[in-house]
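In this chain, residues are counted from 1 in sequence order.
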Amino acid sequence: DFLGRPVSFGYCLVMAWGGLRGAIGLALGMVVVSGHDGFLTDKDAKLMLFHIGLMATWTLIINATTCGALVRYLGLNDVSDGRKVLLV
């Protein structure tokens, strides 16, 4: 507890499930396409970028549609009476 309140396992799980893994992979794929310097053919570099984009889209579809269910399953959407008073 160096910086504040500890984070529960459930919150860590939701943060990992909703992470930016698609964006990071897509950015790395764009770097490969823009500067492969003959290591790959242009066709192979573009094909690799296509597959990375497809996987980023797939993880976005799967993670975005199931994140709410994960939050409800873990009970992270329950709000205490004290928090309800503060939020209103």
Side-chain angles (χ1 to χ4, degrees):
D1 188 22
F2 294 106
L3 299 175
R5 294 177 31 190
V7 179
S8 72
F9 176 74
Y11 282 111
C12 289
L13 191 61
V14 170
M15 286 187 281
W17 188 252
L20 294 173
R21 61 186 149 279
I24 302 296
L26 193 56
L28 290 173
M30 290 168 46
V31 167
V32 167
V33 168
S34 68
H36 56 82
D37 293 332
F39 181 73
L40 296 170
T41 65
D42 284 340
K43 180 182 174 187
D44 288 341
K46 289 178 183 178
L47 184 64
M48 187 166 77
L49 182 60
F50 170 76
H51 283 108
I52 291 171
L54 190 65
M55 291 307 294
T57 303
W58 184 249
T59 58
L60 177 67
I61 290 170
I62 297 296
N63 291 9
T65 58
T66 58
C67 195
L70 179 64
V71 168
R72 284 189 297 279
Y73 177 75
L74 294 172
L76 300 177
N77 61 340
D78 298 335
V79 180
S80 66
D81 291 335
R83 282 195 179 257
K84 286 180 186 176
V85 170
L86 291 174
L87 293 174
V88 173

S.K.: Please say yes or no: joined through hydrophobic side-chain contacts below 4.5 Å, possibly via intermediate residues, are L40 and M30 part of one cluster?
M.R.: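 Linked, L40 and M30 end up in one cluster.
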S.K.: Taking all atoms of both residues into account, what is the closest heavy-atom pair of V7 and C12, and its distance?
M.R.: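 In this case the closest contact between V7 and C12 is CG1-SG, 3.7 Å.
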S.K.: How far apart are the closest heavy atoms of V14 and L74, and which atoms are they?
M.R.: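 The answer is CG2-CD1, 4.0 Å.
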S.K.: With hydrophobic residues grouped by side-chain heavy-atom distances under 4.5 Å, do M15 and V71 end up in a single group?
M.R.: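 Yes, M15 connects to V71 through the hydrophobic network.
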S.K.: Suppose the criterion is side-chain hydrogen bond (donor to acceptor under 3.5 Å, both in side chains): which pairs have a residue in residues 65-77, not counting sequence neighbours?
M.R.: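 Matches after skipping sequence neighbours: W17-T66.
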S.K.: Rounded to the nearest 0.5 Å, what separates atom CG in L28 from atom CE in M48?
M.R.: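 Rounded to the nearest 0.5 Å, the CG-CE separation comes to 9.0 Å.
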S.K.: So, for V31 and S34, which heavy atoms are closest and what is the spacing to 0.1 Å?
M.R.: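 Looks like O-OG, 3.1 Å.
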S.K.: Please name all residues satisfying side chain to side chain contact (heavy atoms under 4.5 Å, CB included) with L47, sequence neighbours left out, ordered by chain then number.
M.R.: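 Scan of L47 (side chain to side chain contact (heavy atoms under 4.5 Å, CB included), adjacent residues dropped) gives H51.
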S.K.: How about M55: does its CE atom have over 12 heavy atoms from other parts shown lying under 6.0 Å from it?
M.R.: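 Counting other residues, nucleotides and ligands, CE of M55 stays at 12 neighbours or fewer.
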S.K.: Treat each ILVMFWY residue as a node, draw an edge where side-chain heavy atoms are under 4.5 Å apart, and state whether L49 and L54 are in one component.
M.R.: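 Hydrophobic grouping puts L49 apart from L54.
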S.K.: Measure the spacing between CG of L26 and CG of L60 and express it to the nearest 0.5 Å.
M.R.: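 The distance works out to 11.0 Å.
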